[in-house]
Amino acid sequence: MDLSETIAHMNGRQRKPAVGTMDMSVQGVDPPDAGVADEEGALLRVSDSEDMRLRARVDVRGELGSVSLLLFLYILQGVPLGLAGSIPLIMQSKNVSYKDQAYFSFVFWPFSLKLLWAPLVDSLYVRRFGRRKSWLVPTQYLLGLFMLGLSFTADSLLRTDGQKGPDVVTLTAVFFLLAFLAATQDIAVDGWALTMLSRGNVGYASTCNSVGQTAGYFLGNVLFLSLESADFCNKYLRFEPQEQGIVTLSDFLFFWGIIFMVSTTLVAFIKKENGAPHRSKRRPKEETQGVMETYRLLFQIIKMPTVFTFCCLLLTSKIGFSAADAVTGLKLVEAGVPKAELALLAVPMVPLQILLPLVISKYTAGPRPLDVFYKAFPFRLLIGLEYALLVWWTPSVGHKEGFPVYYYAVVLLSYAVHQVAVYSMYVACMAFHAKVSDPVIGGTYMTLLNTVTNLGGNWPSTLALWLVDPLTQKQCQGAPGQICSSAEEAGLCVKEGGVCVTALDGYYVESLVCVLIGLCWWIFFGKKMKRLQEESPSSWHCRSCK
């Protein structure tokens, strides 16, 4: 988990960053892990002038109910993602291995792979019940039921009992299923958002998306970690110290399980999706496309030489950032930084995350948006080295009373600088996706490129977590003849009166190797990626899809 995910979100891999005044084709899509339906392409083809006239005529106050519902649905979606993002920090405080953290990182993959089943969600439904409610209602019921069921066992799964640590395999399986259901709910909500609102107000869908997911992730991650932490509660919320926080994971899951069940029941019986007799003519009509036709389009798009090259570059471009993005936050927790206070640093970052896309989009709106990507690349590599220095410096400034204020100021500044580089590359990619996507199949095209972009960040992060332990060298001091190459050998070392001391931390090895790999990628492939901007529009258009 990267420092940005530790502080602000998540697997991040989970939450969708708020995109400002970018092209409407970017706002309408679900970046960076889109699962939108193909009817979005029809909405994107509304001319700018028509869109402005509609916005001027339609009063959003008449659709406050729909806007509020969308916002609430996106908040619900963010809660399980925030919880999933908090589990690695809790496990790290219980000294689990980085191999176990790598296992759990698969929890964040469904949002990168949902393109695989998005056509099914878009095409298979019960017409009488509603195209989106056919998936939304059962998916949210399942989310609620799994949260209620998990609430009875979650604390025991995380509890450390003697030599036995958290049950990582079961936690991974359960939260992977929760993330899969949340990703499926995301597909349904994204599609419903584009038809629930009139064309003049459809732009509010992206606002509900970014604000709702941010709020939901905050509730499931920052708020939960704060209330779960005994140190935080004793320091800020209690008069008499206690051994546990105000809430446990089981309490939090039970509460949100009830919220999911009650709210889903209300949506199922009160909110009508079909059959409105006085439905506004300005409300867009949904286009349907067969499952096999959608998969055929995706295959045809991938076969195009320019798209295939671009996808390969997207899948490899983030290798250089994987150590900093995946391991830094966990290393800070391992060094003694309280996970609750680290998570609270997300609060001052919210305004920056909103303003950055607004500012950066001014430089990516032209014909060469990837120039910004290319320039930000080495800057972000250097920040990875700075993160390694931050981790190395952390133990020397900590003390029994905690960490000084200036330390958190340095962490916050480091994260803010990192966000500038991250958002520069992200907004540049989204702008280029909008520029090259074939407007005839815009929804499917954008979804594919956004999915590949997100997947290109997930697999290196999982690999980086996996390699930390093998690259780490430990020595047994105080017990001659003993080694610390494995957990069993470390146990024998302690049993013989010794202690395992880290001689070489694999994180620092990874940080250096990743930066070197990233630098090589920038030198040999960065310019190739820039040259893709010089390709003619016809080279990006899929003739066989017309």
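Under 3.5 Å, the side chains of Asn450 and Thr453 contain no donor-acceptor pair of N or O atoms. If you check the side chains of Trp135 and Thr184, you find no donor sitting under 3.5 Å from an acceptor. Looking at Trp109 and Thr462, their side chains do bring a donor and an acceptor atom within 3.5 Å of each other. A donor atom on one side chain and an acceptor atom on the other are found under 3.5 Å apart for Thr248 and Asp251. No side-chain N or O of Ser86 forms a donor-acceptor pair with one of Asn221 less than 3.5 Å apart.
Ring geometry for Phe252 against Phe224 counts as tilted: the plane angle lies between 30° and 60°, on a 0 to 90° scale.
Checked against the 6.0 Å centroid criterion, the rings of Tyr445 and Trp540 do not qualify as a close aromatic pair. The six-membered or imidazole ring of His433 lies near that of Phe310, with a centre-to-centre distance under 6.0 Å.
By the side-chain hydrogen bond (donor to acceptor under 3.5 Å, both in side chains) test, Thr264 pairs with Gln140, sequence neighbours left out. Scanning for ring pair (Phe, Tyr, Trp, His ring centres under 6.0 Å) contacts around Tyr98 gives an empty result, with sequence neighbours left out. When the side-chain hydrogen bond (donor to acceptor under 3.5 Å, both in side chains) test is applied to Lys235, no partner is found at least two apart in sequence or on another chain. Applying the ring pair (Phe, Tyr, Trp, His ring centres under 6.0 Å) rule to Phe260 yields no partners; only residues at least two apart in sequence or on another chain are considered. For Phe232, the ring pair (Phe, Tyr, Trp, His ring centres under 6.0 Å) criterion is met by Tyr236, not counting sequence neighbours. When the side-chain hydrogen bond (donor to acceptor under 3.5 Å, both in side chains) test is applied to Tyr295, no partner is found at least two apart in sequence or on another chain.
Atom CG of Leu76 sits about 7.0 Å away from atom CD of Gln185, to the nearest 0.5 Å. Taking SG of Cys311 as the start and CD1 of Ile301 as the end, the distance is 9.5 Å to the nearest 0.5 Å. Note: Met430 CE to Thr364 OG1 = 11.0 Å, rounded to the nearest 0.5 Å. Distance OG/Ser105 to CG/Asp100: 11.0 Å, rounded to 0.5 Å. Atom-to-atom distance recorded for Ile75:CD1 and Phe218:CZ is 12.5 Å, nearest 0.5 angstrom. Going from atom CZ of Phe111 over to atom CG of Asn454 covers 9.5 Å, rounded to the nearest 0.5 Å.
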Show, in sequence, the C-alpha distance, side-chain angles and deciding distance for Leu449 and Val436, and conclude whether the side-chain contact (heavy atoms from CB on, under 4.5 Å) test is met.
CA-CA 10 Å; Leu449 295 180; Val436 301; 4.2 Å; yes
Step by step, would you call Ser461 with Asn458 a side chain to side chain donor-acceptor pair (under 3.5 Å)?
CA-CA 5 Å; Ser461 295; Asn458 272 346; 5.5 Å; no
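Each of Asp186, Thr214, Asp190 was scored for a side chain to side chain donor-acceptor pair (under 3.5 Å) with Tyr74, with one residue passing: Asp190.
Between the side chain of Thr172 and the backbone N or O of Val168, at least one donor-acceptor pair lies under 3.5 Å.
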